[in-house]
Amino acid sequence: MKGFLKGIWHPVIDMSKCRNCGFCYEFCPKGVFVKSNAGVEVKNHSECVDGCHGCEWKCPSNAISFPEPITREYVVKVVRWSKDKGRAYPDAFVNYAIKNNIITEEDLKDEALGKS
Ligand code: SF4
Ligand code: SF4
């Protein structure tokens with residue numbers, strides 16, 4: 001499912017570790033980073049490639065990490081995708097999300113999620 005984490009999967013820079021070398025900016029082929037006098041920052045989050053860690057591995061300061069992708073937004077995306085494909089959504093996954101307070105049972109009753 002290429003692009004399934006679009007806008008969800010992206011690097012985060014720990015500015016307390018970043019020494020502004022620009023390696024991440026130079027390395028990323030997708031233009032996710034911008035560089036200015038103020039330093040390097042993540043700007044084009046949606047351009048990041050699902051599961052890519054390239055810039056993290058290039059960073060000499062261990063300043064780049066990736067947020068936990070299993071967010072409420074991600075769970076909603078999985079449920080909607082399943083619904084759109086006419087498939088049952090993966091119960092084990094959704095139950096995991098409920099158990100870990102990522103999403104609530106009430107959220108799943110939300111009409112916007114399309115659960116009937
Ligand atoms: S993870 Fe890959 S695509 Fe995403 S910003 Fe880093 S190098 Fe670019
Ligand atoms: S590679 Fe690491 S240290 Fe260099 S600018 Fe990017 S985040 Fe900062």
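Remember, it's 1-based here, ligands and their atoms both numbered in the order they're listed. Residues: numbered from 1 along the sequence shown.
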Checklist entry - Just how far is it from atom CD1 of Ile102 to atom OG1 of Thr104, taken to the nearest 0.5 Å? => result 12.0 Å
Item to check | Validation row: Val32, His45 side chains within 4.5 angstrom (heavy atoms) | outcome: no
Checklist outcome for this item: Taking only non-hydrogen atoms of Val32 and a 4.0 Å limit, the atoms of ligand 1 in range are 5 (S)
Item to check | Within the 6.0 Å centroid threshold, strictly below: Phe66 and His10 | outcome: no
Checklist entry - Counting N and O atoms only, with roles assigned by atom type, does the side chain of Asp84 sit under 3.5 Å from a partner on the main chain of Trp81, one being a donor and the other an acceptor? => result no
Item to check | Heavy-atom donor-acceptor pair, Trp9 side chain to Cys52 backbone, under 3.5 Å | outcome: yes
Checklist entry - Strictly under 2.8 Å, is any N, O or S atom of Cys52 next to atom 2 (Fe) of ligand 1? => result yes
Checklist entry - Going by heavy atoms, is Phe66 under 4.0 Å from ligand 1? => result yes
Next on the checklist: Residues around ligand 2, heavy atom under 4.0 Å from any ligand atom, sorted by chain and number. Can you pull those?
Outcome noted: Ile13, Cys18, Arg19, Asn20, Cys21, Gly22, Phe23, Cys24, Val40, Cys59, Pro60, Ser61, Ile64
Item to check | Approximate separation, where rounding is to 0.5 Å, of Ser61 OG and Arg19 CZ | outcome: 4.0 Å
Item to check | Phe23 side chain reached by Phe33 side chain, heavy atoms, under 4.5 Å | outcome: no
